[in-house]
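Accompanying notes for the structure given below.
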Amino acid sequence: MSKLGDLGAKLYRGEVGYDFVGKRFLWYGVSILITITAIVALAVQGLNMGIEFKGGAVFTTPKTTVSVAKATEAAEEASGHDAIVQELGTGGLRIQISGVDTGAATDVKQKLATDLKVDQAAINADLVGPSWGEQIANKAWTGLGIFMVLVVIYLAIAFEWRMAVAALIALIHDLTITVGVYALVGFEVTPGTVIGLLTILGYSLYDTVVVFDGLKEGSKDITKQTRWTYSEIANRSINGTLVRSINTTVVALLPVAAALLFIGGGFLGAGMLNDISLSLFVGLAAGAYSSIFIATPLVVDLKEREPAMKALKKRVLAKRAAAAAKGESPDEGYDAEDEPQVVAQGRSGRRR
């Protein structure tokens with residue numbers, strides 16, 4: 001067995017573990033700091049909205065020897081607006097100009113053909129009106145709202161309302177961080193970005209539900225035993241799925257980082273790949289973080305407010321104090337049949 005597999009087995013059996021729940025206020029502090037940074041970036045710099053939302057034109061040229069700097073100067077002179085020029089892997093250029101209306105697009109295209117020394121008929125022009133972008137934004141907000149409502153309803157039915165609330169907060173946390181990164185780095189917000197944002201919600205929710213499922217099974221009949229508190233059961237559930245979460249996150253991040261963000265967006269200059277890959281990369285990382293460090297600890301904070309959980313914690317601590325006073329281990333005289341099951345990595349736990 002590999003070292004990682006051996007560690008996963010030990011985490012699963014509870015032989016080793018990290019106290020994620022016990023240090024939850026540290027994670028809360030880190031998340032609050034990151035979230036505040038994201039909100040400040042949004043307030044100060046704002047989002048760089050693409051022409052799909054502002055309206056404008058995108059001209060794609062065939063292969064040309066004109067540099068990006070000269071093409072930018074030519075595009076701005078021809079249109080009278082700021083232009084963004086990207087070199088494509090084919091040797092052509094993608095020229096994006098905001099504020100260009102349909103009537104002026106033909107003249108701009110003609111001037112670009114002359115300045116860039118390419119055939120006018122070979123230049124592809126895509127015109128976008130601001131009303132279309134507004135429709136896209138409204139549909140995105142509608143889809144996001146419906147998704148959030150359905151998530152809360154499902155989790156409340158399948159698990160409990162506390163888990164639904166914690167998952168919702170974790171999703172908002174992931175979205176805020178991802179959007180904040182866009183504001184910090186200045187990447188354009190396009191329909192590809194919206195697709196990426198909606199996609200990461202599913203990944204984030206998946207990791208969270210895996211941990212919640214283990215916690216649900218592990219806390220069955222929890223008040224009938226006096227070995228563990230609810231927070232300790234929750235921590236065992238996180239540790240039991242830790243290696244699995246790391247593996248799935250790394251496997252998901254590698255193609256996004258290598259194929260889309262760095263190679264596709266960086267070396268090939270593919271515009272929309274930048275838009276969707278950054279949201280996927282940041283969102284996947286934030287989702288893995290929130291499912292471990294935010295969602296489950298929030299459930300613990302909400303759950304341990306219940307009188308039954310308070311009473312359980314009091315009994316567990318009292319038993320441990322009594323055992324310590326006698327110089328005994330807290331597990332001496334413990335009935336293994338009373339141990340709650342701990343399910344991890346999608347498998348039913350065995351009573352030990």
Side-chain angles (χ1 to χ4, degrees), residues 42 45-143 179 182-183 185-199 259-280:
L42 283 170
Q45 296 184 208
L47 292 173
N48 180 19
M49 307 301 292
I51 64 168
E52 293 86 355
F53 298 99
K54 297 186 297 185
V58 177
F59 300 96
T60 305
T61 74
K63 186 176 181 179
T64 177
T65 58
V66 177
S67 66
V68 171
K70 290 184 178 180
T72 302
E73 183 180 348
E76 292 178 349
E77 183 179 344
S79 64
H81 298 278
D82 291 335
I84 299 175
V85 180
Q86 293 175 306
E87 185 175 358
L88 303 178
T90 59
L93 300 174
R94 182 179 185 268
I95 304 172
Q96 179 176 304
I97 308 174
S98 300
V100 176
D101 55 31
T102 305
T106 302
D107 293 336
V108 173
K109 182 178 179 180
Q110 184 177 2
K111 292 178 181 178
L112 286 175
T114 302
D115 294 338
L116 302 181
K117 299 177 182 181
V118 296
D119 184 9
Q120 181 178 344
I123 299 178
N124 181 55
D126 294 320
L127 304 178
V128 180
S131 60
W132 185 82
E134 185 178 352
Q135 292 177 8
I136 292 293
N138 290 335
K139 289 180 180 180
W141 281 114
T142 301
V179 174
Y182 265 80
V185 301
F187 271 33
E188 279 191 321
V189 177
T190 66
T193 305
V194 175
I195 293 171
L197 288 174
L198 295 177
T199 302
L260 294 179
L261 186 58
F262 299 120
I263 297 177
F267 292 105
L268 300 182
M272 185 166 287
L273 285 180
N274 278 334
D275 308 330
I276 191 171
S277 60
L278 181 64
S279 61
L280 286 175

**OP:** Taking all non-hydrogen atoms of both residues into account, name the closest pair between T72 and A83 and its distance.
**Re:** CG2-O, 3.8 Å
Subject >> Exercise: identify the closest heavy-atom pair between V108 and A78 >> reply: CG2-O, 3.8 Å
Subject >> Main-chain N/O of S279 paired to Y182 side chain as donor or acceptor, under 3.5 Å >> reply: yes
Original post:
If only atom types and distance count, is the side chain of K109 paired as donor or acceptor with the main-chain N or O of I123 below 3.5 Å?
Top reply: yes
**OP:** Work out which heavy atom in A113 is nearest to a heavy atom in D119; give both atom names and the distance.
**Re:** CB-C, 4.4 Å
**OP:** Using side chain to side chain contact (heavy atoms under 4.5 Å, CB included) as the criterion, list what pairs up with I84, not counting sequence neighbours.
**Re:** Q96, E188
Original post:
So do the side chains of V179 and L197 get within less than 4.5 Å of each other, counting heavy atoms only?
Top reply: yes
**OP:** Verify, without hydrogens or angle tests, whether D126 (side chain) and V58 (backbone) share a donor-acceptor contact under 3.5 angstrom.
**Re:** no
Subject >> Distance in Å, L93 CG paired with Q86 CD, rounded so as to fall on 0.5 Å steps >> reply: 10.0 Å
Original post:
How about L112 and I95: do any of their side-chain heavy atoms sit closer than 4.5 Å?
Top reply: yes
Original post:
Is the CD atom of E76 crowded by more than 12 outside heavy atoms at less than 6.0 Å?
Top reply: yes
Original post:
Roughly how far, to the nearest 0.5 Å, is the OG1 atom of T114 from the CD atom of Q120?
Top reply: 7.5 Å
Original post:
What closest approach, in Å, do L280 and G196 show between heavy atoms, and which atom pair accounts for it?
Top reply: CD2-O, 3.9 Å
Original post:
What is the distance from atom NZ of K111 to atom CG of L116, rounded to the nearest 0.5 Å?
Top reply: 13.5 Å
**OP:** Count the heavy atoms of every other residue, nucleotide or ligand shown that sit under 6.0 Å from CD of Q45, and state whether that count exceeds 12.
**Re:** yes
